[in-house]
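Notes follow once the structure below has been shown.
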Amino acid sequence: MPNPDSDIFRPLRAMMLIRAFEKALVSRADHGFQLLSSGEEAVAVGLCDAMGPDDQLLSSGRSIGPALARGITADQVMAELLGKATGPNRGKGGRGHIAQPDIGFFGAHAVVGGNLTIAAGVALAMKVEQRPGVVVCLFGDGACGSGALHETLNIAAIWQLPLVLVCNNNQLSVSTARGTALAPARLSDLAIPFGLPGATVDGMDVVAVRDAAREFIEAARRGKGPAMLECLSERFFSHSTATRDTRSAAELSEIHARCPIERLAHGLSPAIRAALQAEVDAEVAAALTKADNAPWPDLAEALSDVL
Amino acid sequence: MSSEPPKTSRKLFFREAITRALTEEMANNPKVILLGQDIGKFGGSYKEFVGLIDRFGSTRVLDTPVAEAAMVGLGVGAAAAGLHPLVSITYMDFLMLGLDPLVNYAAKARFKTGGQITVPLVVKTTAGAKGQGVVHSQCIEAWLMAVPGLKVVAPSTAADAYGLMKAALRDPGPVVYVDHKRLFATTGEVPLAETIIPIGQAAIRRTGDDVTIVAHSWMVRIALEAAERLQTEGIGCDVIDLRSLAPLDMATITQSVARTGAMVTVEEGQLTCGVGTEIAFQLREHLENARIARVGALPAPVSSNPLLEAACIPDADRVIGAIRKLLGSNSA
């Protein structure tokens, strides 16, 4: 039986929580539509395991995994995604915009590549005020075609910002395959012309992600400047719950066989696994109940916090 | 012995008034930093940043590469993380490259995070035609007025250049501060005492009973020239300097037009969905019978050819023509 404090127990539970959370959320008719992280849990969890309390994470709109992994509670994420006033954004951000900077999740932003320059600005503030934190920006392969990445890499390099850029390369930008949209052999090669360290790791391996991220984050913390990490992952579902999947059943079956949770849990006793599953299922069920009982935002919120 | 009263103001160039405001606010508040192209040793394209890097150092006065999207994004992110940055976008035409972080992030951050994040950012940019052609002349401030969450100011005098910059650097933001190529070399009296011009208050530059002219930035000077010439024909003009485009000071405009009964708006930008169009409609909601005309640029690019540039943008003759037509049609 594994020690609950062991290396794998915490990340395993964190990944299982994301999977269970998304399953419960999309089982409801009233979730609107959602961008799911299932299949990509190891990227968010490995990355957040490498981050410290002073650090800030900015993510793309595919943010359920990153928000939960960074420590926003299931109760709060559920409330926000279902539009309730008890969410961290008071129900005004919702899908793609969840944020809680005071616990180190500066926020998701639903413009592809739109958080890159913002993250560099947060890192600039940390550098100017000599704060101890490092900024991590998580984005998809789709953002690697944007000019914002080039501008951010260049400025981060010349100013040696405490910024780690992490590409969660889930192989697809909506339906566009990475190979047809992006020229570089490895997306981390994009760091090379700017003189920055880059690495590509197996994004289905939570330990590999954590170790690679930790090296870059700690280097940035020591003033060694920015870096770019590419995590090769797989998206289990279509772009959003409202879009169709263009992949064949055979392809999907192959992708699901690479599940990062099964990979980490390999060898774990069925009893332990079942106990863990019951625990995360209960946490998610409680979050749904609390969200259902929580108030909607007052309609005056439609015009508040604008100016 | 001189019996002159002690001076309370000093004549400054418009660009010097900006420099003074930046100097005072940077000295007052260590969170104010500047980002821009050629704002360090070069001192800014219009010398409005001269000396700041020597006084405050390269940690707070940052020369950037030519990368407007990243420049605005850096300012937005640094503001969201607690600094009070000013980003200088040399020409307003290039602000288009930085609209994503400004419009999609900065203007919405406070709303979408439920008040967790504010973006105390100033974007300073230079509008207007002065011989530089189709992509160095545009006035797109009306686009920005249509973005909820943005404030937009556009001073026309040295005193307001100073006082509005100070207000912008103390505002929870984001604020777009629009100056004008032709204004930097103008002079005006600026109070010696530290003075803040509140955002959202228009100023009445001249009074008259027959028509109200509403303008901002360089066009205030054109409006004043037109008013001066019309006075000789016995037509009196109220000239209102908007100073702030978002929010608009409709109270000052409405009060004036309630008295004169007629309004002409003057802007260097486009009439379609322009500043004047917005003001005209809002005015109509208060004063149903006001006579209204608009003067703006021709619906065409602004050429660097001086003859074509002059043909494109409003001058006093066009303002006078519009006023004569407006008042004439009433008496006919």
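A note on names: the letters A, B, ... follow the listed sequences, proteins ahead of strands, and every chain is numbered from 1.
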Heavy-atom distances under 4.5 Å only: say whether A:Ala156 touches chain B with side chain, backbone, both or neither.
neither

Out of A:Leu161, A:Leu116, A:Leu303, A:Val306, return the one with the most heavy atom pairs under 4.5 angstrom to chain B.
A:Val306

Sort A:Pro297 into side chain, backbone, both or neither according to what part of it lies under 4.5 angstrom from a heavy atom of chain B.
neither

Note each donor-acceptor pair with a separation under 3.5 Å, taking one atom from chain A and one from chain B.
residue: A:Pro88; atom: O; partner: B:Gln116; partner atom: NE2; Å: 3.0
residue: A:Asn89; atom: ND2; partner: B:Lys112; partner atom: O; Å: 2.8
residue: A:Arg90; atom: NH1; partner: B:Gly114; partner atom: O; Å: 2.5
residue: A:Gly93; atom: N; partner: B:Lys112; partner atom: O; Å: 3.4
residue: A:His97; atom: ND1; partner: B:Lys112; partner atom: NZ; Å: 2.9
residue: A:Ala99; atom: O; partner: B:Gln116; partner atom: NE2; Å: 2.9
residue: A:Ala108; atom: O; partner: B:Lys112; partner atom: NZ; Å: 3.3
residue: A:His109; atom: ND1; partner: B:Lys112; partner atom: NZ; Å: 2.9
residue: A:Gly121; atom: O; partner: B:Ala78; partner atom: N; Å: 3.3
residue: A:Glu129; atom: OE1; partner: B:Lys31; partner atom: NZ; Å: 3.3
residue: A:Glu129; atom: OE2; partner: B:Lys31; partner atom: NZ; Å: 2.7
residue: A:Arg131; atom: NH1; partner: B:Ala81; partner atom: O; Å: 3.1
residue: A:Arg131; atom: NH2; partner: B:Ala81; partner atom: O; Å: 2.7
residue: A:Glu151; atom: OE1; partner: B:Ala70; partner atom: N; Å: 2.7
residue: A:Asp305; atom: O; partner: B:Phe111; partner atom: N; Å: 3.0
residue: A:Asp305; atom: OD1; partner: B:Arg110; partner atom: NE; Å: 3.0
residue: A:Asp305; atom: OD1; partner: B:Arg110; partner atom: NH2; Å: 3.2
residue: A:Leu307; atom: O; partner: B:Arg110; partner atom: NH1; Å: 2.6

Does any backbone or side-chain atom of A:Ala148 lie under 4.5 Å from a heavy atom of chain B? Answer side chain, backbone, both or neither.
neither

Under 4.5 Å from any heavy atom of chain B - which part of A:Leu307
both

Heavy-atom proximity to chain A below 4.5 Å, by part of B:Leu150
backbone

Taking all atoms of both residues into account, what is the closest heavy-atom pair of A:Ile155 and B:Ala70, and its distance?
CD1-CB, 3.7 Å

Nearest heavy-atom contact between B:Ala81 and A:Ala125 is CB-CB, 3.7 Å

With sequence neighbours excluded, residues passing side chain to side chain contact (heavy atoms under 4.5 Å, CB included) with A:Ala119
A:Leu58, A:Val135, A:Cys137, A:Leu163

Cut-off 4.5 Å, heavy atoms of chain B, and the answer for A:Ile98 is neither

Could you look at A:Val111 and say if it's the side chain, the backbone, both or neither that has a heavy atom under 4.5 Å from chain B?
side chain

Under 4.5 Å from any heavy atom of chain A - which part of B:Pro65
side chain

